[in-house]
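The model shown is predicted, which means the values in this text are computed figures rather than measured ones. Protein chains get the first letters and strands the later ones, always in sequence-line order, with residue 1 at the start of each.
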Protein chains: 2
Amino acid sequence: METWKQYIEKHQQRFLKELIELLKVPSISSKSENKPDMQRCAVLIEQEFKAAGADTVTIYQTNGHPIVYAEKIADKSKPTVLVYGHYDVQPADPLNLWDSPPFEPVVKDGKIYARGAADDKGQFFMHTKALETMLQTHSMPCNMKFIIEGEEEVGSPNLATFVESHKELLACDVVLVSDTAMIALDTPSIDVGVRGLSYIEVEVTGPNRDLHSGVYGGAVANPATILAKLIAGCHDADNHITIPGFYDDVVEISKEERAEMAKAPFDETAYKKELGIDAVWGEKGYTTIERTGIRPTLEVNGIWSGYTGEGAKTVLPSKAYAKISARLVPNQSPKKITEALIHYFENSAPAGVKVKATEHHGGEPYLTPIDSIEYLAAAKAMQSALGKEPVPVRGGGSIPICAIFEKALHKKIVFLGFGLDNDNLHSPNEKFDLANFYKGIETIPYFCKYFTELYEAKH
Amino acid sequence: METWKQYIEKHQQRFLKELIELLKVPSISSKSENKPDMQRCAVLIEQEFKAAGADTVTIYQTNGHPIVYAEKIADKSKPTVLVYGHYDVQPADPLNLWDSPPFEPVVKDGKIYARGAADDKGQFFMHTKALETMLQTHSMPCNMKFIIEGEEEVGSPNLATFVESHKELLACDVVLVSDTAMIALDTPSIDVGVRGLSYIEVEVTGPNRDLHSGVYGGAVANPATILAKLIAGCHDADNHITIPGFYDDVVEISKEERAEMAKAPFDETAYKKELGIDAVWGEKGYTTIERTGIRPTLEVNGIWSGYTGEGAKTVLPSKAYAKISARLVPNQSPKKITEALIHYFENSAPAGVKVKATEHHGGEPYLTPIDSIEYLAAAKAMQSALGKEPVPVRGGGSIPICAIFEKALHKKIVFLGFGLDNDNLHSPNEKFDLANFYKGIETIPYFCKYFTELYEAKH
């Protein structure tokens, strides 16, 4: 009988062709002009799941972008794996920095380049192909459900309501998510935590119109200067965040756990070289791995004010704007941090300007216990597919829906990520290594197998 | 015999029509796409001077935009007034804040709205019409020369060379400039000084591409955050500028002169109301008038980095940019200050980012002695046309060419400005009061008359 490994090898080229079709759709959830593309993408995914052998596939419309649900119930007595993924992508700008158009996928040196290649189309599609593979090779040991949403990049505003109102539909024994990265195929790793997120937009208003900087400069508060001062005030000289209360709920990690984490291989020289920087930066007293894993951060994602065109314009701007987000760790509350950020910005400016800060979206941090059968099944699966035991790591990113699933379904989330840190997520030239794509498809059936065994042994 | 006052009244409507044609040309010197408009504008001005009665009009091409030269030599034994003006204008963006298109002039409530209405097309055109008026009413007491350039808003990069190489052509006894403002027609004032200018552009480079703020945030220096810190570091808590050496050459003003300046009427409540601000801002220990007149300033004219579009993008930007300019007072050197600014920005950033600061353009400050016949002629002219003696004030703006003329021609510059501070120079809805336009045309012949008398009495 054909093994799933053989089946995947035989159908590699078709799997790739199908992925390319998916990547061609500019499903940017934050831009209103792409709404039709979101619908088109949902329909394409529906067709893919039907073709893969799902016995029910439904597109659920929401107040925002549609959710695609699929399931294959093989044997009600068996455990059920619920796969979560998202088909929406980040905006592609700055377009001029892409070597090839973001929605015209290109394969080069065994990597596929396109917006969404790794985050998350390429990764959720591994599950679609794993479903097909298990069915075609009669090796599906459990039931599978799939929920693929279209609003992850904008904070999943409608998913919580959907999950809450479809608990029965989504009833499962584990939630499996492939929306994270690993260190490398020959150094497999599993994210055991994702950071939470607070995101605000700040608007500083000075005079009621742009002014001549010679006639008014020096006598009227410049909103760009004030905004710069507010941003500068967010970190002290040691790059600790100064927002009052910011660290109040942060769970400090034990010496032992930090020592454990420090075992994960990290080559700072290679890291700096790959990013083109001459030094790393960050909170005093922590390593780069810790700064992106166990510590909360605050970043300016965008800032704009005044004249930004060609040449010189001597203007004192009326308005200045910034997009600012914080990554949160257990047990920080996005709600509390967002309020603290808004309070800081709205109350720290001098008279002469008005500051309005508004919330974009947030997400709770999440942690998977490494002694849980969910984690153990994932670890064994990687060991079997990649021939090496994975190391547990803390991911720096945020997947706001984790807490939602746990709250509504009372099941654990486990991350089986096949992306790499250098996949340029959210950046120009996003890519996904095809070796990781195929290995991911091969690993998922192992996960289903081991999870079913461990689950049945436990119950 | 018809007086020039009568002639101006009779031809008001035609003067306005001609000004409107001039304002329709989008002569933006900083934008390459407007190069053809610059040529078109120069030709239009050439025709206007010919129609006004100039006996020589020439368009001189430069490495940048053309210079229009015109002259009317009535009597070589008489003194010569050289009028300087500029036909180039600032960019019009943000376009959405204009109530009517910037290059489709609209007359409303006795004001004409268009980019360049006051700065400087409306004001140099007063001189064209004054020339016509004096010739038609046989009241021209002196010779007149006109040099109208197209690069004032970009720092007159080619004017210095032109003036140096055309000293004979431009030989004169006084340089008359209408590119400044007065307090009001019923509170006439004359600028006795303009501030110098240093203008730089700062580029901060962090990682070699935009990064995922979750994966890299907190571990890699964010150029937007660093730029904000650099800008915040330019002013201390008292809003003194902290750039080393910035104040070294500033001429401190005597108590007496400050007391004299304080007599100029200033209504802070009206000032704040007109700008929509709840408080003024600026260097501790100085009044608003002093902050914009006798003190140097440093302003952010523009800043941009990262994602500035709709919605949220969790990106750690690769680049951050700012346009920053300083207004200078006697005896600050633009060269020295520009070097100090570049040095500060390029040497104050932490490892992990690279900072490149480049010079945009600069200009020397200038002062007209109030006991000079040039100033006295201007003051008498305003007194005669407006029925009230003008007060001397320090203008906040910069006219980089002043020093150029004095150096090359060894003659004094006098400012006869008819704009108002609320003309929205460099801002949306720039306007020029038609009453000021007509009064300006009426005042110029008085200036020629009194200057000629004072000059001849002196020599």
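- Counting only distance, with no hydrogens or angles, the side chain of A/E299 and the backbone of B/G218 share a donor-acceptor pair below 3.5 Å.
- The CD atom of B/E430 lies 9.5 Å from the NE2 atom of A/H212; values are rounded to the nearest 0.5 Å.
- Comparing B/A312, B/G311, B/G233 by heavy-atom pairs within less than 4.5 Å of chain A, the highest count is held by B/A312.
- In terms of heavy-atom pairs under 4.5 Å with chain A, the best-connected choice from B/A279, B/G155, B/G306 is B/A279.
- Distance alone, capped at 3.5 Å, is enough to place a donor-acceptor pair between the B/K313 side chain and the A/H426 backbone.
- Of all the listed residues (A/N222, A/I277, A/V280, A/I241), the one sharing the greatest number of non-hydrogen pairs under 4.5 Å with chain B is A/N222.
- For B/S325, the part sitting under 4.5 Å from any heavy atom of chain A is the side chain, from C-beta outward, and nothing else.
- Not counting sequence neighbours, the partners of A/K319 by the side chain to side chain donor-acceptor pair (under 3.5 Å) test are A/E203, A/T205.
- Side-chain contact check for B/T314 versus A/R327: some heavy-atom pair is nearer than 4.5 Å.
- Ranked by heavy-atom pairs under 4.5 Å with chain A, the first of B/P207, B/S30, B/G217, B/P350 is B/G217.
- Considering only heavy atoms from C-beta on, A/T308 stays 4.5 Å or farther from B/Y321 through its side chain.
- Here A/I303 is the residue among A/D210, A/I303, A/V300 with the most heavy-atom pairs under 4.5 Å with chain B.
- Looking at A/Y216 and B/D421, their side chains come closer than 4.5 Å, going by heavy atoms from C-beta outward.
- Per-residue heavy-atom pair counts under 4.5 Å with chain A were compared for B/A351, B/S29, B/A221, and the maximum is reached by B/A221.
- Contact annotation for A/S32: both backbone and side-chain heavy atoms come within less than 4.5 Å of a heavy atom of chain B.
- Taking chain B as the reference chain and counting heavy-atom pairs below 4.5 Å, the highest number among A/A322, A/A232, A/P296, A/G206 is found for A/A232.
- Contacts between residues 287-295 of chain A and chain B, counted as heavy-atom pairs separated by less than 4.5 Å, involve A/T288, A/R291, A/T292.
- Under a 4.0 Å N-O distance rule, the pair B/E274/A/R209 qualifies as a salt bridge.
- Side-chain atoms of B/Y286 do not come within 3.5 Å of backbone N or O of A/A219 as any donor-acceptor pair.
- For A/E283, the part sitting under 4.5 Å from any heavy atom of chain B is the backbone (N, CA, C, O) and nothing else.
- When heavy atoms are compared at a cutoff of 4.5 Å, A/K354 approaches chain B solely by way of its side chain, counted from C-beta outward.
- Only the side chain of B/I226 has a heavy atom closer than 4.5 Å to any heavy atom of chain A.
- Per-residue heavy-atom pair counts under 4.5 Å with chain A were compared for B/G282, B/A224, B/S213, and the maximum is reached by B/S213.
- Contacts between B/L211 and chain A at a heavy-atom distance below 4.5 Å involve backbone atoms as well as side-chain atoms.
- When heavy atoms are compared at a cutoff of 4.5 Å, A/I324 does not approach chain B at all.
- When A/I231, A/N239, A/V215, A/L298 are compared by the number of non-hydrogen pairs under 4.5 Å with chain B, A/V215 comes out ahead.
- Under a 3.5 Å cut-off, the side chain of B/K272 and the backbone N or O of A/G352 do not form any donor-acceptor pair.
- Comparing B/T297, B/T225, B/N208 by heavy-atom pairs within less than 4.5 Å of chain A, the highest count is held by B/N208.
- Of the atoms belonging to B/K31, heavy atoms from both backbone and side chain fall under 4.5 Å from chain A.
- Of the atoms belonging to B/Y307, heavy atoms from both backbone and side chain fall under 4.5 Å from chain A.
- When each of A/S427, A/S318, A/G276, A/A181 is scored by its heavy-atom pairs under 4.5 Å with chain B, the top score falls to A/S427.
- Remark: side-chain polar atoms of B/N301 are paired, donor with acceptor, to backbone N or O of A/V315 under 3.5 angstrom.
- When heavy atoms are compared at a cutoff of 4.5 Å, B/V154 does not approach chain A at all.
- If you measure heavy-atom distances from B/E153 to chain A, the contacts under 4.5 Å come from the backbone alone.
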